[in-house]
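It should be emphasised that the depicted structure is a prediction, and the values quoted were computed from it without experimental measurement. Naming: A, B, ... by sequence-line order, numbering from 1 per chain.
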2 protein chains.
Amino acid sequence: MVPKMSDDLQVVRQAATLRRQVEDKLRGAIASGRFQPGQRLVERELCELIGVGRTSIREALRQLEAEGLVLTIPHRGPAVSTITSAEAGELYAVRALLEGDAGKGFARHHDGAQLLALQNSIALIKRAAEQTDQGLMLEAKTAFYQVLMDGCGNRFIKQFLMTIHNRVNLLRVKSMMEPGRSVHSLAEINEIYEAVAARDGDRAAVACSNHIRAAAAIALRMLGSEQGPTPNIAKKKKTVVV
Amino acid sequence: MVPKMSDDLQVVRQAATLRRQVEDKLRGAIASGRFQPGQRLVERELCELIGVGRTSIREALRQLEAEGLVLTIPHRGPAVSTITSAEAGELYAVRALLEGDAGKGFARHHDGAQLLALQNSIALIKRAAEQTDQGLMLEAKTAFYQVLMDGCGNRFIKQFLMTIHNRVNLLRVKSMMEPGRSVHSLAEINEIYEAVAARDGDRAAVACSNHIRAAAAIALRMLGSEQGPTPNIAKKKKTVVV
DNA sequence: GCGAACGGATTGTCTGTCAATCGGCTTGAC
DNA sequence: GTCAAGCCGATTGACAGACAATCCGTTCGC
């Protein structure tokens, strides 16, 4: 959408406090892979990197720690979280559950604008698939899930899903996986859309769960093969359905 | 259980950092109703109340904020979160979903010790019901859910459920509801146990969801009647199934 | 080669300081 | 009397500096 057409009154919505801005910066840096999983985050380095005092850095880190993006060991300091394959499995399991319920909620509560937004995000996904543009694909999928969460009618599910997405993203960064473009994924997403458009909550729930489970299966298989005997040898880019 | 018989090696398990201790103290104070929902938490007061510097207080508050127990408004400071009835409904909805899946997981993964622990907590619940001991009932139910979460085999579900429990507890504190002792509740819990003991995951899931939904229905009805035209007139103790 | 002691680096926490902001109170106008 | 404007105290947000506690890698001694 065009930014100017946003419904929000505040176009330039700068966080009221410095700490929030730092938080966003760090979150972004982790999401983008600028900070790799396992990497230690030394306070003083972050201070001069971002240009704020230790107070703001530390408080922002507390937030990220609570979100699970950062793991702080007492007297050793914070580091970007890593995810074991067992954790990945559990993460995808909860995600399938919540995303399913989010789909159900969306199917039942959505209004015209929300359905349209979903349509648009799906169109974007297809375009990204045709152009095999991985960056665009990631963006489009993020938008898709965003619309779904926003319209699910349950702020807690949305909140939980957001943190789950962030943590799953750690996997993507760590394993250099790319958001997928398989025809299966597109079919699954279409099924979600149809169920939602028909206001069939149960069907939407199943469709969403299946979509996530399919993605999980691929991601976990990839992860399993990676954590084999040769851990760190010339990682190749991989494709997975997110 | 007797503390000395704990499996943990650290009997006196003092948190490694002061901040964690403060965190626990504050969480406890909120859970117990010592700090009421809506009450402002002035930093300096907390400092002299707990006897630590502002640094530790602030960082602990950040954690509680992330958990949703505390709401911080920029330049106004933190206050104990309040929960609207709409939020309560959504909270119970997620909880039913997750608790259902936790029950399913427990049914499938539990070992003998865990089943025994569940048995014990149920026995405690029954004892509390017979003696109409509300304090004991709260403790027993907490233990029950704790065992269930611990044995569900998904650390994220456990984590989410813990924060949900904390937030639902805000409701209890706010409305002065007591953990219930209805015969229905006992029947529901028995059904959960039987399903779990039979390792029937789906049945356990349904049983858990139903249990939470029943509690939700009562709690929400009570909440709805409370938020009527006369908000703050001599609250009476109420009984609800948690 | 292995354990123990050492030293640098980093964190955890405190104190003090200062500007920005909020909310209530007073003041004043109508 | 009511309402708006403006002022003032209280509180937060953020910084800097300081210091003990702790951890980790290294070196030393055996």
| task | Please state how far atom CD1 in A:Ile57 lies from atom C1' in D:dG13, giving the value in whole angstrom units. | result | 15 Å
| request: Measure from the side-chain heavy atoms of B:Val42 and tell me the nearest of C:dT10, D:dG13, D:dT12. | output: D:dT12
| field | 5′-ward residue of the pair B:Gly77/A:Gly53 relative to DNA chain D | value | B:Gly77
| message | What is the distance, to the nearest angstrom, from the CD1 atom on B:Ile73 to the C1' atom on C:dC22? | response | 11 Å
| For B:His75 and D:dG13, what is the distance between atoms NE2 and C1' respectively, to the nearest whole Å? | 5 Å
| task | Could you pull out the closest heavy-atom pair between B:Leu26 and B:Ala60, with the gap in Å? | result | CD1-CB, 4.3 Å
| At under 4.0 Å, does any side-chain N or O of A:Arg54 touch on OP1 or OP2 of D:dC15? | no
| How close or far is atom P of C:dT10 from atom CG of A:Leu61, stated in whole angstroms? | 15 Å
| task | Write down the distance between CZ (B:Arg20) and C1' (D:dT22), rounded to a whole number of angstrom. | result | 15 Å
| Where the side chain of A:Thr55 is defined as all heavy atoms beyond and including C-beta, which of D:dA14, C:dG12, D:dT11 is the nearest nucleotide? | D:dA14
| Is a donor on one side and an acceptor on the other found under 3.5 Å between the side chain of B:Thr82 and the backbone of B:Gly38? | no
| Between D:dC15 and A:Ser56, is there an OP1 or OP2 to side-chain N/O distance shorter than 4.0 Å? | yes
| Closest-nucleotide ordering on DNA chain C, the 5'-leading residue of B:Arg40 and B:Val52 | B:Val52
| field | Closest approach of B:Ala102 to B:Cys152 (non-hydrogen atoms, all atoms of both residues) | value | O-CB, 3.4 Å
| message | Can you tell me which nucleotide in D:dA14, C:dT11, C:dT13 comes closest to the side chain of A:Glu43? | response | C:dT11
| task | Give the intermediate values and the outcome of side-chain contact (heavy atoms from CB on, under 4.5 Å) for residues B:Phe160 and A:Thr163. | result | CA-CA 11 Å; B:Phe160 287 149; A:Thr163 86; 3.9 Å; yes
| query | If only side-chain N and O atoms of A:Arg58 are considered, is one of them under 4.0 Å from the OP1 or OP2 phosphate oxygen of C:dT11? | reply | no
| task | Please tell me which of the listed nucleotides, C:dT21, C:dG12, D:dC15, lies nearest to the side chain of A:Leu18? | result | D:dC15
| Atom-to-atom span, CZ of A:Arg19 to P of D:dT12 - whole angstrom | 12 Å
| query | When we call it a touch if two heavy atoms are under 4.0 Å apart, what does B:Leu41 touch: a base, just sugar-phosphate, or nothing? | reply | sugar-phosphate
| query | Think B:Arg76 has a side-chain N or O under 4.0 angstrom from the OP1 or OP2 of D:dT11? | reply | no
| request: Looking only at side-chain atoms of A:Thr17, point me to the closest of D:dA14, C:dT15, D:dT11. | output: D:dA14
| message | Do A:Glu59 and A:Gln63 pair up side chain to side chain, a donor and an acceptor below 3.5 Å, judged on atom types alone? | response | no
| request: Report the nucleotide, chosen from D:dG13, D:dA14, C:dG12, that has the shortest atom-to-atom distance to any side-chain atom of A:Thr72. | output: C:dG12
| query | Is a salt bridge present between B:Glu90 and B:Arg167, judged by a nitrogen-to-oxygen distance below 4.0 Å? | reply | no
| request: Using whole Å, report how far CD of B:Gln21 lies from P of C:dT13. | output: 8 Å
| message | Without decimals, in angstroms, what is the distance between A:Leu71 CG and C:dT11 P? | response | 14 Å
